[in-house]
Structure formats: C-alpha cells, structure tokens
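Starting from 1, each residue takes its place in the sequence as its number.
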Amino acid sequence: MSRLWTSALLDFQMKLDQVLVHGPEGFLVGPKGLLFAYEWVCEKFLNIAAKHGIGFFGGQPVHLVVVDGADAVSGCVWQTLRPLMLERDIETFRMLGYAAQISTWARQHRFCGACGCATQVSAVERSTRCAACDLTYFPRLSPCMIVLVTRDDEVLLARSATFPPGLYSTLAGFVEPGESIEECVIREIREEVGVDVKNVKYMASQSWPYPHSMMFGFHAEYSSGEITPQADEIEDARWFNLNTLPQLSSQRSISRYLIDLYRARRGGMADPQLPR
C-alpha cells in the first residue's frame, strides 16, 4: 500500500470509491473494510455535515465524510479509533488518525468562537473562516510531553484509574501557556509523582489523535524525592526493573517506544523503530 499523506486539499468529486465515514461513534466499518463509495454513503446518510479530501491511500485519493449522527447501517458497525489502532496495519492507522483529527476540527469549528456566525471552509487551505470577524481557524494541535524517568535498571511507571487493569505507562501532561516543553516535563513529573529529575533529553515525537495531541517524547534521569502519586491523577506509581515490567501500552505508542528504546540501549541491542 502506498503512503497516505499529505494535508494537501483535494477537489471533492461526486463519484468516489475511497470514502471514510466518521461520526460521533467513530468510523463506519463494513464487510469490505473502512472505505466506501460516495454514492452509497449519500444513500445511507442524510446528515452529512462536511466533506474533506485527506490525501492518498493505495495510490488513490481518499475523502472523509463527516456525519452528525451514528445511524445504524445494515451489515456495518461503528468503531472507535483505539481498537482500530490495534487491529489495523500502521498505514491504515495513520490514515484514520489523520481523518479523525480533521473530523473533530470540522465538527468543532462550524461556527465562529468570537461572534457565533457560521464559518466557511477555505478552498485553498485547511481552514475555516468567519466572514463577519475575519477570523481563520486551523486544525488544532495540543502539544504535550511524555517522559520515561529512569534510575539505572529501573523505570518509573504509573497508572490512572481509567487504564485497563494491570496497565502501566510513562508519565505525560499538556504544555501550559508560557512554559517550554522541557519545563513542562519537570513540572508534570513533580506534580504527578513528587520526584525531581535531571538530564532531560528529547527523544522523538508522535502524532496522537486522541483527539488532537502532538506527543513530544523525553527521557529523564531520577534526581531525588520519594514517589508520591497525585491523588486526583495517579492511581499507582512505582519503580519497575527492566526485567520485570508490567503490562505496557501498545507497541504503536510512543510510551512503549521510550521504554523499549531504553531497555535496548541498556542491553546493548539495536534501537527499536518508532511507528510513524
């Protein structure tokens, strides 16, 4: 399969065979997969809110149809992005992640946040514009950091009450106005588990479409302090030896990559590849 990509806009034509359908309940999945003919979609859905070109997949243009409701369609089911991440190949997941972000942006920017007037989709760039205020709205990205804190052969992992039973992950948090992302790393670690770190080092980044995050991955070394989980954020946090790790996030996540990368380098092995 060829790479889906770019954010270049495509003219929407009336006869298309590669259409994704996204609504409040996720993506529509049929017997033949995730891609449908546009004419069929128009027959099944009367609540089409928007149409967007999102790039190429398999050498053919792919378009996104955004619907307002999750209507039942015979032989089809609605599926959220997280299970699709685990079930589909990486290129399909990248296509779906991009489409989900565009769908969220399109649904949330139909009206101007300043005056409430309806916005118009630009014909030349990925944006909507309010004619009354002359304000332009681009797809939103929320920068956040994710960090692996280490102490020799131990890694500091934590879990939220919302995680599946037994799952632990690296620490993460959103950048606040006025701070650098490195300052965010130090602050979030101190807030979430009560320890201080040193030698903060950027490792890699990953688009994380839940719903519109850009994850900047870091490694940091433990400096001082005792683990004190933040009561309203962290259910449990502890040091784990690299040889006795708990259940971890999907290998397609940057959290898992940071752990696997550190373990590989401590063991003198080749670096793992970050899914992109």
For the residue pair [X] and [Y], establish whether any side-chain heavy-atom pair is separated by less than 4.5 Å.
X: F57; Y: L20; answer: no
X: P24; Y: R107; answer: yes
X: I102; Y: R126; answer: yes
X: W239; Y: V149; answer: yes
X: T104; Y: R140; answer: no
X: E87; Y: Q79; answer: yes
X: Y137; Y: Q108; answer: no
X: R252; Y: L86; answer: no

Heavy-atom closest pair, residues [X] and [Y]:
X: V193; Y: A237; answer: CG1-CB, 3.8 Å
X: P209; Y: G97; answer: CB-O, 3.4 Å
X: G53; Y: H63; answer: CA-CD2, 3.6 Å
X: F174; Y: C184; answer: O-SG, 3.6 Å

Could you go through residues 211-219 and list every donor-acceptor pair under 3.5 Å that involves a side-chain atom there, pairing it with any protein atom two or more places apart or in another chain?
from	atom 1	to	atom 2	distance (Å)
H212	ND1	S142	OG	3.2
H219	NE2	T150	OG1	2.8

[atom1]/[X] to [atom2]/[Y] distance, rounded to the nearest 0.5 angstrom?
X: D152; Y: R266; atom1: CG; atom2: CZ; answer: 5.5 Å
X: L84; Y: T92; atom1: CG; atom2: OG1; answer: 9.5 Å
X: R263; Y: N243; atom1: CZ; atom2: CG; answer: 8.5 Å
X: L261; Y: M269; atom1: CG; atom2: CE; answer: 10.5 Å
X: K51; Y: I54; atom1: NZ; atom2: CD1; answer: 14.5 Å
X: L157; Y: L148; atom1: CG; atom2: CG; answer: 7.0 Å

_Applying side chain to side chain contact (heavy atoms under 4.5 Å, CB included) to V200 and V147, what does each step give before you reach the verdict?_
CA-CA 9 Å; V200 175; V147 58; 6.0 Å; no
_side chain to side chain contact (heavy atoms under 4.5 Å, CB included) partner of I48, the single match among V65, V66, V21_ = V65
*Answer yes or no: does atom CD of Q247 have more than 12 heavy-atom neighbours from other residues, nucleotides or ligands under 6.0 Å?*
yes
*Can V195 and T228 be said to form a side chain to side chain contact (heavy atoms under 4.5 Å, CB included), step by step?*
CA-CA 8 Å; V195 304; T228 306; over 6 Å; no
*For A131, which residues count as a side-chain contact (heavy atoms from CB on, under 4.5 Å) partner, sequence neighbours excluded?*
R129
Taking distance alone, no hydrogens or angles, what donor-acceptor pairs closer than 3.5 Å link side-chain atoms of residues 163-172 to residues at least two apart or in another chain?
from	atom 1	to	atom 2	distance (Å)
Y168	OH	D236	OD2	2.4
Y168	OH	R238	NH2	3.3
S169	OG	S255	OG	2.8
T170	OG1	S255	OG	2.9

*Any Lys/Arg nitrogen of E183 or R187 sitting under 4.0 Å from an Asp/Glu carboxylate oxygen of the other?*
no
*Decide side chain to side chain contact (heavy atoms under 4.5 Å, CB included) for V19 and W40; before the verdict, give the C-alpha distance in whole Å, the side-chain angles of both, and the deciding distance to 0.1 Å.*
CA-CA 10 Å; V19 173; W40 180 89; over 6 Å; no
*asked:* Does Q101 form a side chain to side chain contact (heavy atoms under 4.5 Å, CB included) with L141? I'd like the steps, not just the answer.
replied: CA-CA 9 Å; Q101 291 180 85; L141 284 177; 3.8 Å; yes
